[in-house]
Amino acid sequence: MRGVRNMVQKRFFSMGSVLAALCAASGSPTFAQVEPTTAPAPRPAPTSSDSHKGGTLKLAAQNSGGTLDPQVSYISLIKQLETSVYDGLLAFPKFAGSKAQPVITNLAEAVPQPEDGGRTYRFTLRPNLHFSNGQVVNVEDVAASFRRLFKVGSPTAGPYYSHIVGADACLHDPAHCTLAGGIETDRATRTITFHLTQPDAEFLDRLAWFHAAILPASTPPHDTGNTAPPGTGPYRVTRYDPATGMVLERNPYFREWAHDAQPSGYVDAIQVTFGLDPEGEVTAIENGQYDWMYEDVPLDRLGEVGSRYAGQVQIYTLLLYYYAALNVRIAPFNSLKARQALNYAINRHAMVIYHGGAAVATPLCQLLPQGAPGYEPNCAYTKGASPAHPLPQWQAPDLEEARKLVRESGTAGQKVTIIAPLEGRYAPMAMELRSTLASLGYEASVRSMTQTVQFPYVQNSDNHVQIALTGWNADYPSASTFLQTLFACASFRPHSDNSPNMSAFCNPDIDALMNKASAAALTSPAESTKGWAEVDRALMAQAPAVPLVQIKRVSLLSKRTRNAIVTLNDEILLSQLQVR
């Protein structure tokens with residue numbers, strides 16, 4: 001959602017050895033661990049007399065997340081905050097464990113079986129649903145919400161919803177989008193029927209994705225910016241100032257309909273303060289002034305947190321990585337050899353160090369992270385390897401090969417500007433990239449800006465960004481959320497701030513491989529997985545980006561906070577945190 005964290009996906013495993021490595025220097029105890037579990041049985045809904053309800057949850061973040069529009073925002077801070085504000089027809093389960101994977105019912109009464117060979121899906125809307133403004137939810141709100149995805153230029157309108165009949169016309173003329181023939185509604189029976197141009201094995205997952213939030217049909221057909229449209233979840237946004245903070249309060253019209261899809265919240269209000277740096281956030285949480293921080297614990301505080309506040313930490317693995325997107329349409333990276341050279345030259349070991357070392361970070365040499373469907377260890381750009389003869393993992397930079405490729409490309413001496421976020425660990429990564437480019441003979445510089453400005457800026461082709469330093473979280477557990485979203489032709493939208501294909505990469509042959517892998521999931525998941533691995537290798541041969549590092553998240557909570565639930569798709573469920 002995941003820059004990074006544009007919308008998130010988690011995998012869980014035993015952290016004992018990792019945490020021991022983190023704390024070895026001081027001999028400190030291990031952190032709280034997120035262990036693999038099986039999916040629990042559906043839990044009874046909390047009652048209104050629950051003694052753990054009430055209070056204000058106080059959160060801290062270095063910067064705001066930009067727009068509050070749930071169909072436009074692609075910053076994971078906003079997604080995490082608004083998970084309890086908006087709902088789709090379907091949802092990913094709101095409970096912990098590696099089995100919390102298949103989508104479940106949310107605003108719809110049931111998960112439908114595909115009809116017409118996977119081209120038709122029929123939903124029945126639950127009765128007696130209300131938006132936070134008191135308006136009753138009806139099937140026309142559902143249809144209008146999907147038309148609005150195209151009208152507002154949602155970043156995933158093309159990658160995720162282009163198989164709906166009529167979507168192609170909407171992509172070419174968003175203002176007049178009707179999705180004619182693609183969505184049928186019957187108010188009397190509360191049914192919504194989707195018709196697809198071709199089967200889509202991930203269509204139900206995409207209906208559970210954040211951008212498929214159901215909004216009132218009256219919601220303006222443009223980015224609502226600092227105003228959050230009415231939602232159906234247990235909270236509503238009552239105040240937002242991008243410079244200072246945000247407040248969420250209970251939605252007075254919310255009545256829990258499916259606990260595992262959208263549970264009632266515990267606290268009466270969620271208060272977010274913007275502007276603290278991560279060092280200040282850690283100190284404030286240690287002192288009990290805040291309950292949770294969005295940013296990772298800074299590297300120089302890990303030992304302290306591990307030795308003194310171990311019981312207040314959650315560590316979990318993300319399908320999240322950092323990478324440098326290379327613009328393949330402008331110099332010098334319109335040259336394949338220049339793109340390959342930077343992939344060979346970058347020191348991924350240094351990138352691991354900038355993220356806390358091997359305990360919490362892993363060098364990444366491909367565009368599918370470990371844990372993603374289709375991931376097969378593969379490194380084409382390391383010493384002793386090539387796209388034709390890859391090694392299983394990254395070993396070391398190959399500067400000799402990199403400089404040879406730069407000479408052959410004829411791009412040495414050209415100016416290259418890296419556009420990077422100001423926040424967190426981006427600064428040392430950007431300087432490492434600059435140093436590497438300089439060692440290859442380029443005149444390199446770094447231009448930094450806040451992430452809420454940087455992320456839309458690097459997406460817009462009008463800004464002629466040569467290198468965008470960014471990161472990506474899986475929207476849901478799928479290879480396509482990395483490979484198609486970031487590198488498919490349909491994901492490149494010229495002149496738009498919502499164009500996740502920041503490399504402006506388009507290769508019809510690789511697109512065909514993507515479509516083949518996606519279609520195979522309907523009949524043979526094993527073939528689909530094999531196909532996505534092939535796409536990963538094909539993309540890296542073209543080197544539209546430089547994958548750098550995959551990380552784990554270290555999340556700090558206050559002493560008074562209880563009931564931290566970490567889910568596969570939503571990280572820590574803020575609505576389920578309790579405060580004493």
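Only this structure's heavy atoms are used, side chains among them; waters, hydrogens and symmetry mates stay out. Nothing here was measured: the structure is a model prediction, and the numbers come from that model.
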Enquirer: Do any N or O atoms from the side chain of Q550 and from the backbone of L364 form a donor-acceptor pair under 3.5 angstrom?
Expert: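 Checking the backbone N and O of L364 against the side chain of Q550, no donor-acceptor pair under 3.5 Å is found.
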Enquirer: Any side-chain to backbone donor/acceptor pair from S518 onto N515? Under 3.5 Å, distance only.
Expert: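 Side chain of S518 to backbone of N515, a donor-acceptor pair under 3.5 Å: no, none is there.
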Enquirer: For atom CD of E400, decide whether the heavy atoms of other residues, nucleotides or ligands shown that lie under 6.0 angstrom number more than 12.
Expert: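 At most 12 heavy atoms, drawn from other residues, nucleotides or ligands, come within 6.0 Å of this atom.
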Enquirer: Kindly check if the number of other-residue, nucleotide or ligand heavy atoms within 6.0 Å of NE2 (H176) is above 12?
Expert: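 Incorrect, the count does not exceed 12.
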Enquirer: With ring centroids as reference points, do Y426 and Y322 lie under 6.0 angstrom apart?
Expert: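 Yes.
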Enquirer: If every non-hydrogen atom of H211 is compared with every non-hydrogen atom of P70, which pair is closest and at what distance?
Expert: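 In this case the closest contact between H211 and P70 is CD2-O, 3.1 Å.
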Enquirer: For the ring pair Y74 and W472, is the centre-to-centre distance below 6.0 Å?
Expert: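 Yes, the ring centres sit under 6.0 Å apart.
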Enquirer: CG of L399 to NZ of K404: how many Å apart, nearest 0.5 Å?
Expert: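 Rounded to the nearest 0.5 Å, the CG-NZ separation comes out at 14.5 Å.
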Enquirer: So, does S499 use its side chain to make a donor-acceptor pair with the main chain of R493 at under 3.5 Å?
Expert: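 Answer holds: yes.
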Enquirer: Using the rule given for side-chain contact (heavy atoms from CB on, under 4.5 Å), can you reason through I418 versus R434, listing the C-alpha separation, both sets of side-chain angles and the distance that settles it, and then say yes or no?
Expert: CA-CA 7 Å; I418 303 159; R434 189 206 65 78; 4.0 Å; yes
Enquirer: So, taking the atom named CG in D296 and the one named CD in E281, what distance separates them when rounded to the nearest 0.5 Å?
Expert: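 Going from the CG atom of D296 to the CD atom of E281 covers 10.5 Å.
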Enquirer: To the nearest 0.5 Å, how far apart are CG in L368 and OG1 in T529?
Expert: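 Spacing of CG (L368) from OG1 (T529) equals 10.0 Å.
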Enquirer: Show the numbers, then the answer: is there a side-chain hydrogen bond (donor to acceptor under 3.5 Å, both in side chains) between N327 and Q466?
Expert: CA-CA 5 Å; N327 192 327; Q466 295 164 293; over 6 Å; no
Enquirer: Quick one: CD1 on I346 to CD on E432, what's the gap to the nearest 0.5 Å?
Expert: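 Answer rounded to 0.5 Å: 5.5 Å.
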Enquirer: Taking the side chain as every heavy atom from C-beta outward, state whether W532 and M514 have any pair of such atoms under 4.5 Å apart.
Expert: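 Result yes, sub-4.5 Å side-chain heavy-atom pair found.
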Enquirer: Between atom CZ of R339 and atom OH of Y344, what is the distance when rounded to the nearest 0.5 Å?
Expert: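 Atom-to-atom, R339:CZ and Y344:OH are 14.0 Å apart.
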Enquirer: Which atoms form the tightest heavy-atom contact between A430 and L469, and what is the distance?
Expert: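 The answer is N-CD2, 3.6 Å.
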Enquirer: I'd like to know whether N63 forms a side-chain hydrogen bond (donor to acceptor under 3.5 Å, both in side chains) with T452, so could you lay out the CA-CA distance, the side-chain angles of the two residues, the decisive distance to 0.1 Å, and finally the verdict.
Expert: CA-CA 8 Å; N63 292 291; T452 52; 6.0 Å; no
Enquirer: By the definition side-chain contact (heavy atoms from CB on, under 4.5 Å), identify the one residue from S491, S154, S480 that meets it with P159.
Expert: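 It is S491; the other options fail the test.
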Enquirer: Taking atom OG1 of T67 and atom CG of D497, what is their separation to the nearest 0.5 Å?
Expert: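 It is 11.0 Å, given to the nearest 0.5 Å.
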Enquirer: Is any side-chain heavy atom of Y457 less than 4.5 Å from a side-chain heavy atom of I419?
Expert: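 The answer is yes, as the side chains (C-beta and beyond) meet within the 4.5 Å cut-off.
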Enquirer: So do the side chains of M431 and V446 get within less than 4.5 Å of each other, counting heavy atoms only?
Expert: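 Sidechains of V446 and M431: in contact.
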Enquirer: Could you walk me through whether N498 and V152 pass the side-chain contact (heavy atoms from CB on, under 4.5 Å) test, one step at a time?
Expert: CA-CA 10 Å; N498 295 316; V152 299; over 6 Å; no
Enquirer: Side chains of P544 and L326, heavy atoms from C-beta outward: is any pair under 4.5 Å?
Expert: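 Side chain of P544 against side chain of L326, heavy atoms only: no contact under 4.5 Å found.
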Enquirer: Can you name the closest pair of heavy atoms from A175 and K151 and give their distance?
Expert: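 Closest pair (atom of A175, atom of K151, distance): O-CE, 4.0 Å.
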Enquirer: Any carboxylate oxygen within less than 4.0 angstrom of a Lys/Arg side-chain nitrogen, looking at E376 and K530?
Expert: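 The answer is no: the pair does not qualify as a salt bridge.
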Enquirer: How about F203 and H163: do any of their side-chain heavy atoms sit closer than 4.5 Å?
Expert: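 Counting from C-beta outward, F203 and H163 never come under 4.5 Å.
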Enquirer: Testing the basics here: between S335 and T411, what is the closest heavy-atom pair and its distance to 0.1 Å?
Expert: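 For S335 versus T411, the nearest heavy atoms are CB-CG2, 4.3 Å.
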Enquirer: Are L81 and L59 packed together at the side-chain level, in the sense that at least one heavy-atom pair is separated by less than 4.5 angstrom?
Expert: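 With C-beta onward as the side chain, the pair touches.
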Enquirer: Go through it in stages, so that I can follow the logic: the residues are I164 and L196, the test is side-chain contact (heavy atoms from CB on, under 4.5 Å), and I'd like the CA-CA distance, side-chain angles, deciding distance and then a yes or no.
Expert: CA-CA 4 Å; I164 299 174; L196 308 184; 4.0 Å; yes
Enquirer: Between E304 and R301, does any NZ, NE, NH1 or NH2 come within less than 4.0 Å of an OD or OE carboxylate oxygen?
Expert: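 Yes, charged N to carboxylate O under 4.0 Å.
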Enquirer: Tell me whether R206 is salt-bridged to D475, with the criterion being a basic N under 4.0 Å from an acidic carboxylate O.
Expert: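 No, R206 and D475 are not salt-bridged.
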Enquirer: Would you confirm whether H172, through its side chain, and A167, through its main-chain N or O, come within 3.5 Å as a donor-acceptor pair?
Expert: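 Checking the backbone N and O of A167 against the side chain of H172, no donor-acceptor pair under 3.5 Å is found.
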Enquirer: Minimum heavy-atom separation for L422 to S448, with atom names?
Expert: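 Heavy atoms of L422 and S448 come nearest at CD2-CB, 3.5 Å.
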Enquirer: Within the distance-only criterion (no hydrogens, no angle test), does the side chain of T417 pair as donor or acceptor with the backbone N or O of S445 below 3.5 angstrom?
Expert: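 Not at all, since once roles are kept as given, no pair shorter than 3.5 Å links the two residues.
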Enquirer: Give me the atom names and distance for the closest heavy-atom approach of N347 to W394.
Expert: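 Looks like OD1-CH2, 3.6 Å.
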Enquirer: Would you say Q454 and T450 make side-chain contact, with heavy atoms under 4.5 Å?
Expert: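 No, side chains not in contact.
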Enquirer: Is the shortest side-chain N to carboxylate O distance from D69 to R148 below 4.0 Å?
Expert: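 Between R148 and D69 there is a salt bridge, with a charged N closer than 4.0 Å to a carboxylate O.
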Enquirer: Given side chains that start at C-beta, do those of P390 and C379 come closer than 4.5 Å, heavy atoms only?
Expert: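 Heavy-atom side-chain distance check fails, nothing below 4.5 Å.
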Enquirer: Could you tell me whether the side chain of Q80 and the main chain of I572 form a donor-acceptor pair under 3.5 Å?
Expert: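 Judged by distance alone, yes, a pair lies under 3.5 Å.
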Enquirer: Please check if the side chain of S461 supplies one atom and the backbone of H495 the other of a donor-acceptor pair under 3.5 Å.
Expert: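 A pair under 3.5 Å: yes.
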Enquirer: Hey, does the side chain of N463 reach the backbone of V465 with a donor-acceptor pair shorter than 3.5 angstrom?
Expert: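 Answer holds: no.
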Enquirer: Looking at A520, is its backbone amide N or carbonyl O close enough to the side chain of S524 to form a donor-acceptor pair, meaning the two atoms are under 3.5 Å apart?
Expert: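 Side chain of S524 to backbone of A520, a donor-acceptor pair under 3.5 Å: no, none is there.
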Enquirer: Y381 and side-chain contact (heavy atoms from CB on, under 4.5 Å): which partner among S386, P397, P387, P547?
Expert: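 Single pass found, and it is P387.
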Enquirer: Evaluate side-chain contact (heavy atoms from CB on, under 4.5 Å) for L486 paired with F505, printing each intermediate quantity in order.
Expert: CA-CA 9 Å; L486 297 180; F505 181 80; over 6 Å; no
Enquirer: Ring pair (Phe, Tyr, Trp, His ring centres under 6.0 Å) with Y476: which of F210, W209, Y160?
Expert: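 Only one option passes, and that is Y160.
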Enquirer: Compute whether any side-chain donor of one residue and acceptor of the other, for T382 and Q395, lie under 3.5 angstrom apart.
Expert: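 There is no such pair (donor and acceptor under 3.5 Å, judged by atom type) between the side chains of T382 and Q395.
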